[in-house]
Trainee: 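The structure follows.
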Amino acid sequence: MASGMNFPHAELTPNAEQATDHGAAELAQRSVRVRASDVSVFYGAKQALFDVSVDIPDRAVTAFIGPSGCGKSTFLRCINRMNDTIEGARVGGKIELDGEDIYDPSLDVVELRARVGMVFQKPNPFPKSIFENVAYGPRIHGLIRTKAEAEEVVVSSLRKAGLFNEVKDRLHEPGTGLSGGQQQRLCIARAIAVGPEVILMDEPCSALDPIATAIIEELIDELRENYTIIIVTHSMQQAARVSQKTAFFHLGNLVEEGPTDKIFTNPEDKRTQDYITGRFG
Amino acid sequence: MSDPHIVSSFDEELKYLMRRVSEMGGIAERMVGDSVAALVASDAGSAQRIIAEDIILDDAERDINERAIVVIAKRQPMAHDLREVMGAIRIAADLERVGDMGKNIAKRVVAVQGSAQPKQLVRGLEHLSELALTQLKEVLDAYSTRSAVAANQVRQRDDEIDAMYTSLFRELLTYMMEDPRNISACTHLLFCAKNIERIGDHATNIAETIYYMATGDRLLGERPRGDKTATVMASGH
Ligand SMILES: Nc1ncnc2c1ncn2[C@@H]1O[C@H](COP(=O)(O)OP(=O)(O)OP(=O)(O)O)[C@@H](O)[C@H]1O
Ligand SMILES: [Mg+2]
């Protein structure tokens with residue numbers, strides 16, 4: 001049987017060197033867009049997250065993986081302060097966006113959520129037209145005033161989300177009339193429309209078929225040129241395909257993080273190995 | 001040993017690959033040992049049997065490749081599971097080549113039959129094959145224990161075979177120059193020696209694969225290179 005043992009390299013002769021870089025150098029060059037330091041989350045008396053510290057690299061895709069209930073969504077929600085809206089939730093530690101403490105009392109949470117957009121598991125367009133779905137955010141954030149400005153933002157956001165060509169003749173039809181994959185891209189367009197720096201995606205493809213999933217993955221790969229993306233996914237293959245960095249959570253702890261290629265070919269921690277290879281922990 | 005997979009048939013598939021690779025190793029080892037023995041004893045009957053056996057290794061390699069591809073497609077293995085599957089494919093390819101080397105030696109048994117083979121050359125060839133067989137045996141042991149340490153030791157020892165081969169090469173060359181009637185038989189022995197030396201190289205490849213399977217890292221650095229025959233001149237005179 002495959003052995004999960006790691007052989008101490010010290011035992012080996014000097015010409016046995018650690019050779020594989022797995023893109024670590026490339027990742028190290030990127031600046032840090034989001035930095036979490038000792039983040040803990042409580043729901044009432046129950047602690048869901050324990051002292052999580054991690055750097056999220058700029059303009060790259062970071063994947064959060066781990067078994068159900070390990071705290072991935074909880075951590076994701078810390079990054080745009082969505083946990084503030086949950087009764088009884090308490091967040092400790094520090095999260096910085098571009099070096100700025102996002103839990104600073106003087107910070108405008110509405111503005112934060114424009115900078116840190118979110119896409120959910122189930123596509124959730126508003127019961128409005130495709131056009132209005134995209135124009136709504138920029139309008140309430142005061143980013144657009146005229147009809148022409150609205151049109152410009154809607155078209156460019158739909159283009160960036162890879163949806164424009166499919167919907168350009170029916171912009172004023174309801175967003176809910178689109179297919180699941182199209183609805184998810186509409187939600188991505190909606191997030192993009194307010195000009196975020198970071199886009200959080202919580203299992204964005206779990207309700208989609210393989211083709212719609214592939215289209216979203218291709219889109220994520222394009223978006224990382226301009227945005228910092230964090231994606232929670234239950235698909236190891238998806239994490240391996242779309243991300244450059246992967247963080248593995250287990251029972252509320254961040255167990256291991258590193259270049260995606262390393263995590264999926266040669267993880268350090270036995271819990272990571274067991275999880276990604278489908279073994280009993 | 002790691003914990004079993006949640007999907008137990010995945011474990012069965014990996015075990016199957018491992019068993020097949022080990023089987024191939026046993027057959028390849030035997031073919032090489034038997035072919036050198038047949039050469040020494042001029043046993044044409046045994047040589048024929050070895051030649052016929054080669055197809056078993058060809059079939060086994062094909063089977064391992066096909067099964068490995070199905071495992072990759074079906075299970076999308078990760079981490080050491082993935083290295084396990086890739087390792088099986090690579091090691092099977094090396095073992096198939098080792099079998100070819102044995103077959104090639106067996107084919108030469110008839111060709112050198114009857115011609116005078118100086119004792120010391122034959123003994124040199126036997127000794128070379130003992131070294132290669134030890135390497136092969138130890139690398140197969142390293143495979144069954146997934147020992148990176150043992151694999152690295154095998155790799156470190158390859159230069160012994162190379163050095164021995166170089167000296168044998170020199171002797172054969174000298175012998176041919178002494179009496180042109182030896183040339184035909186010696187050329188065959190030379191090819192046999194080259195085949196055995198290459199078995200050592202395959203053992204080294206396998207060692208590197210095992211190291212990667214066990215650690216996920218590659219062995220770096222030039223491996224010891226001792227085949228200096230490119231510059232060898234006949235000794236003596
Ligand atoms: N609103 C809440 N109130 C109380 N407990 C919660 C709440 N949300 C999450 N939890 C608890 O916090 C822990 C982490 O949950 P979380 O939803 O972050 O996990 P997850 O990793 O996203 O899981 P999944 O993969 O199933 O989405 C769980 O034990 C969960 O029951
Ligand atoms: Mg979740």
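Residue numbering restarts at 1 for every chain, and letters A, B, ... go by the order of the sequence lines.
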Trainee: So, are B:Lys15 and B:Asp11 salt-bridged, with charged N and O less than 4.0 Å apart?
Mentor: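 Not counted as a salt bridge, because no side-chain N and carboxylate O are separated by less than 4.0 Å.
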Trainee: Strictly below 4.0 Å, N to O, side chains only: are B:Asp54 and B:Lys103 in salt-bridge contact?
Mentor: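 Salt bridge between B:Asp54 and B:Lys103, a charged N being under 4.0 Å from a carboxylate O: yes.
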Trainee: Please identify each residue that fulfils salt bridge (charged side-chain N to carboxylate O under 4.0 Å, His left out) with B:Glu138, with sequence neighbours left out.
Mentor: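 Listed in chain order: B:Arg157.
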Trainee: Out of the candidates A:Glu96, A:Glu257, A:Arg35, A:Arg33, only one should pair with A:Asp55 under the side chain to side chain contact (heavy atoms under 4.5 Å, CB included) rule; please name it.
Mentor: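 Between A:Asp55 and the candidates, side chain to side chain contact (heavy atoms under 4.5 Å, CB included) is satisfied uniquely by A:Arg35.
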Trainee: Less than 4.0 angstrom from a charged side-chain N to a carboxylate O is my criterion; do B:Asp59 and B:Arg62 meet it?
Mentor: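 Yes, charged N to carboxylate O under 4.0 Å.
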Trainee: Select all residues of residues 217-242 of chain A having any heavy atom within less than 4.5 Å of some heavy atom of chain B, and report them by number, or 'none'.
Mentor: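 Contacts with chain B: A:Met236, A:Gln237, A:Ala240.
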Trainee: Output all residues satisfying ring pair (Phe, Tyr, Trp, His ring centres under 6.0 Å) with A:Tyr275, sequence neighbours left out; order by chain, then residue number.
Mentor: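 A:Tyr275 satisfies ring pair (Phe, Tyr, Trp, His ring centres under 6.0 Å) with A:Phe248 once adjacent residues are dropped.
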Trainee: How about residues 68-78 of chain B versus chain A: which residues have heavy atoms under 4.5 Å apart?
Mentor: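 When heavy atoms of chain A are the reference, residues 68-78 of chain B contributes B:Gln76, B:Met78 within the under-4.5 Å range.
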Trainee: With side chains defined as the heavy atoms from C-beta onward, is the minimum distance between B:Glu208 and B:Arg90 less than 4.5 Å?
Mentor: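 The answer is no; the side chains never approach within 4.5 Å.
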Trainee: Is there a donor-acceptor contact under 3.5 Å linking the side chains of B:Tyr143 and B:Thr209?
Mentor: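 Note: B:Tyr143 and B:Thr209 side chains miss the donor-acceptor criterion.
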Trainee: Strictly below 4.0 Å, N to O, side chains only: are A:Lys262 and A:Glu268 in salt-bridge contact?
Mentor: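 A:Glu268 and A:Lys262: salt-bridged.
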